[in-house]
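Notes for the one structure printed next.
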Amino acid sequence: MSNAQIEIQLIASLVAIACAIPGTFLVLRKMAMISDAISHSILPGIVIGFFITQDLNSPLLILLAALTGIITVILVEYIQKTGLVKEDTAIGLVFPALFSIGVILIAKNANDVHLDVDAVLLGELAFAPFDRLLIAGVDVGPKSLWIIGCILLITIGLLFAFFKELKISTFDVGLSASLGFSPTIIHYGLMTVSSVTTVGAFDAVGAILVVALMIAPAATAYLLTTNLKRMLVYAICFGVFSAMSGYWLAHWLDASIAGSITTMLGLLFLVIYLFAPNKGVIAVLYREKQQRTEVSLLTFLLHLRNHSEEEERHVNHLNEHINWQKVRSKTVLELALKNNMIVIDNDVVSLTEKGNDFTSQAIDYIITNEDSKIEHMKDDFFLFRG
Amino acid sequence: MKNNIAVKVDDLTVAYNYKPVLWDIDLEIPEGVLMAIVGPNGAGKSTLIKSILGILNPIAGSVSIYGKSYEKQRALVAYVPQKGSVDWDFPTTALDVVMMGTYGSLGWIKRPGQKEKKIALEALEKVGMLPFKNRQISQLSGGQQQRIFLARALVQDASIYFMDEPFQGVDATTEIAIINILKELRKANKTVIVVHHDLQTVPEYFDWVTFLNVKKIATGPVKDIFNDDNLTKTYGINYKVSIQE
Ligand SMILES: Nc1ncnc2c1ncn2[C@@H]1O[C@H](COP(=O)(O)OP(=O)(O)OP(=O)(O)O)[C@@H](O)[C@H]1O
Ligand SMILES: [Mg+2]
């Protein structure tokens with residue numbers, strides 16, 4: 001690997017981490033759309049900042065542009081508060097307006113501004129290593145690496161300091177307010193971090209990839225865990241993984257790096273969406289099928305318990321008696337045998353003691369919905385997992 | 001004992017988008033009562049509690065907790081929100097939610113540690129939810145979720161408890177378990193304010209009641225003011241409840 005390649009991957013990974021952290025909270029707050037709005041509406045801020053500073057990497061430009069992001073949020077909330085339109089509509093009204101102001105500003109000054117809309121939206125990671133930061137004449141690395149590195153450090157610092165506040169105000173606004181953790185302050189803090197990150201990263205990776213890196217890893221992580229800290233860690237890992245693998249995909253296909261990273265994010269989400277152990281599509285389908293079988297099992301066991309006459313319990317007559325198809329009776333019979341709930345003697349099925357106990361407990365649970373007694377059954381049977 | 005005023009509300013008017021939903025409420029809640037707030041859906045019961053707790057800003061009027069503003073008395077107050085007000089799919093466990101009750105005494109930045117965990121476990125035990133401490137909260141039944149909320153309020157170790165419909169969607173056993181804990185709180189001279197919908201049980205559970213429907217209809221001891229007249233004024237229709245004397 002060349003130096004430039006390492007630097008590109010490093011920048012992409014740091015951007016991924018810096019995005020995944022606020023992104024996790026945006027996803028949990030169901031505010032994914034607002035990051036899209038911010039990423040577009042910072043354009044006028046960037047253009048005006050560029051007029052003033054003539055330097056795309058100047059901290060002043062970053063602050064000015066981030067301010068436009070905050071203004072977006074304030075405008076969206078203001079419009080929403082009038083009660084005339086819903087939040088998504090408000091977002092849809094605000095960001096195209098701000099974005100178009102940016103487009104007009106660029107068009108009007110196209111001659112003396114070295115800036116175009118494509119560059120803002122798509123960025124170009126491949127060029128990031130060319131813009132070096134020189135301190136006292138010494139090359140200390142690409143400018144974007146330093147910018148995103150600083151933003152990331154601040155983000156991590158804020159996360160560690162205010163993790164508890166972020167958690168409570170995201171989960172329960174009312175309690176948060178009543179305990180004195182102003183949800184408004186935390187909300188605008190999060191919005192500021194999201195805006196600064198978006199601006200700091202757009203030059204290298206483009207505004208669209210920023211949105212993807214904020215939302216997709218968090219949404220993917222959400223499918224895998226029920227623990228907020230782990231969700232953050234997973235989101236960071238998915239982000240970094242997509243950034244790295246996306247880079248190599250682009251290298252291999254000779255395609256846009258940002259595009260390849262976004263593709264990887266999408267693929268990763270798709271895979272997890274299908275295969276996640278609990279919330280994944282396949283797991284849910286499997287669980288539903290198992291539950292159906294288990295209900296049949298219970299029906300079958302009940303039938304055995306209620307009928308002592310042998311004729312009702314004959315293997316070959318079971319189909320007719322409980323009115324099931326062959327396949328279904330076979331699965332149920334096998335499941336019962338596997339769990340030692342029945343014995344088959346001379347083709348006549350009888351309940352074992354275990355089968356009898358199981359039936360009583362299960363019926364008890366279904367009637368009382370009291371699930372402390374059946375905790376031990378939850379591991380083996382989906383039926384009891386709510 | 002009933003001389004101290006725990007909560008005082010003066011001329012409170014609250015509006016959403018400039019449309020008042022609470023008009024000119026005056027209310028004094030004495031210390032040590034177990035009080036029900038009753039009124040139809042949309043009467044402003046949740047709004048009243050939220051305004052007392054500084055979650056909403058009133059357009060007029062003031063609130064005091066033991067004579068001082070809520071901001072100064074936060075530590076004295078615990079709150080159980082209406083169940084639908086939080087996202088139960090949030091990635092967190094029962095124990096974690098209960099620990100949130102300790103955040104207020106920790107203040108900004110400081111993180112909960114072993115001591116807070118111990119307090120939370122005790123509260124879980126008290127509401128009979130210890131076996132479920134590591135369960136993700138969406139995998140709890142409605143009544144269990146309500147118990148978790150109650151445990152979270154208990155760890156706040158407050159003097160005044162506000163509970164928005166703690167009996168919503170719970171079965172008879174849980175309801176009795178909850179009311180027993182509330183009665184215990186009252187015995188310890190705590191003030192408990194509960195939004196309640198089941199009018200039949202008001203005389204049995206509570207000793208104080210406030211009728212609310214946009215305006216305050218009446219407030220006082222259950223035995224004096226819980227009658228058909230006030231119920232009719234509050235609910236608009238002719239109300240008949242048989243009160244066992
Ligand atoms: N966020 C909001 N924005 C606008 N109007 C609101 C909002 N929350 C409540 N309202 C309105 O304020 C009024 C009072 O609502 P509140 O939630 O206080 O009623 P409640 O007495 O608690 O009702 P319930 O018994 O259904 O819980 C209702 O008419 C409701 O539509
Ligand atoms: Mg309410």
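Sequence lines set the chain letters: A, B, ... in the order given, protein chains first and strands last, and positions in each chain run from 1. Predicted, not measured: the structure shown is a model, and the values here were computed from it.
Heavy-atom distances place no part of B/Val80 under 4.5 Å from chain A, backbone and side chain included. Heavy-atom distances place both the backbone and the side chain of A/Ser178 under 4.5 Å from chain B. Heavy-atom distances place the side chain of A/Phe162, and not its backbone, under 4.5 Å from chain B. For A/Ile186, the part sitting under 4.5 Å from any heavy atom of chain B is the side chain, from C-beta outward, and nothing else. Proximity to chain A is limited to the side chain of B/Gln156, based on heavy atoms less than 4.5 angstrom apart. For chain A, the nearby part of B/Tyr70 is the side chain; its heavy atoms alone come within less than 4.5 Å. Both the backbone and the side chain of B/Asp89 come within less than 4.5 Å of a heavy atom in chain A.
Note on B/Val77, B/Asp96, B/Thr93: by heavy-atom pairs under 4.5 Å with chain A, the leading option is B/Asp96. Across B/Leu53, B/Ile137, B/Leu106, B/Ile109, the residue that shares the most heavy-atom pairs under 4.5 angstrom with chain A is B/Ile109. Heavy-atom pairs under 4.5 Å with chain A peak, among B/Arg74, B/Gln136, B/Gln82, at B/Arg74. Residue with the most contacts toward chain B among A/Ser182, A/Pro183, A/Gly180: A/Gly180 (heavy-atom pairs, distance under 4.5 Å). Ranked by heavy-atom pairs under 4.5 Å with chain A, the list B/Leu140, B/Val86, B/Val97 is led by B/Val86.
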Between B/Tyr79 and A/Leu179, is the side chain to side chain contact (heavy atoms under 4.5 Å, CB included) condition met? List the steps. CA-CA 9 Å; B/Tyr79 171 46; A/Leu179 291 180; over 6 Å; no

Just do the side chain to side chain contact (heavy atoms under 4.5 Å, CB included) check on B/Phe149 and A/Asp172 with the steps written out, would you? CA-CA 11 Å; B/Phe149 263 6; A/Asp172 192 339; 4.2 Å; yes

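Under the 3.5 Å distance criterion, the side-chain polar atoms of A/Tyr222 are left unmatched by any main-chain donor or acceptor of B/Pro91.
Heavy atoms from other residues, nucleotides or ligands lying under 6.0 Å from CZ of A/Phe241 number 12 at most. Counting non-hydrogen atoms of neighbouring residues, nucleotides and ligands closer than 6.0 angstrom, the NZ atom of A/Lys279 exceeds 12 such neighbours. Other residues, nucleotides and ligands place no more than 12 heavy atoms under 6.0 Å from the NZ atom of B/Lys117. Heavy atoms of other residues, nucleotides or ligands lying less than 6.0 angstrom from OH of A/Tyr188 number more than 12. Residue B/Trp88 places its CH2 atom among more than 12 non-hydrogen atoms of other residues, nucleotides or ligands, all under 6.0 Å distant. Applying the 6.0 Å contact sphere to OH of A/Tyr273 captures no more than 12 heavy atoms from other residues, nucleotides or ligands. Heavy-atom neighbours of A/Lys354 NZ from other residues, nucleotides or ligands within 6.0 Å: above the threshold of 12.
Atom CZ of residue B/Arg152 and atom CG of residue A/Leu175 lie 4.0 Å apart, to the nearest 0.5 angstrom.
Shortest non-hydrogen contact noted between B/Lys110 and A/Lys164 is O-NZ, 2.7 Å. Shortest non-hydrogen contact noted between A/Glu165 and B/Trp108 is OE2-CA, 3.2 Å. Shown here for B/Ile55 and A/Gly174, the closest heavy-atom pair between the two residues is CD1-O, 3.2 Å.
Near-neighbour residues of residues 21-30 of chain A relative to chain B, defined by a heavy atom under 4.5 Å from a heavy atom of that chain, comprise A/Leu28, A/Lys30.
Ring geometry for A/Phe181 versus B/Tyr103: interplanar angle over 60°, hence perpendicular rather than tilted (30 to 60°).
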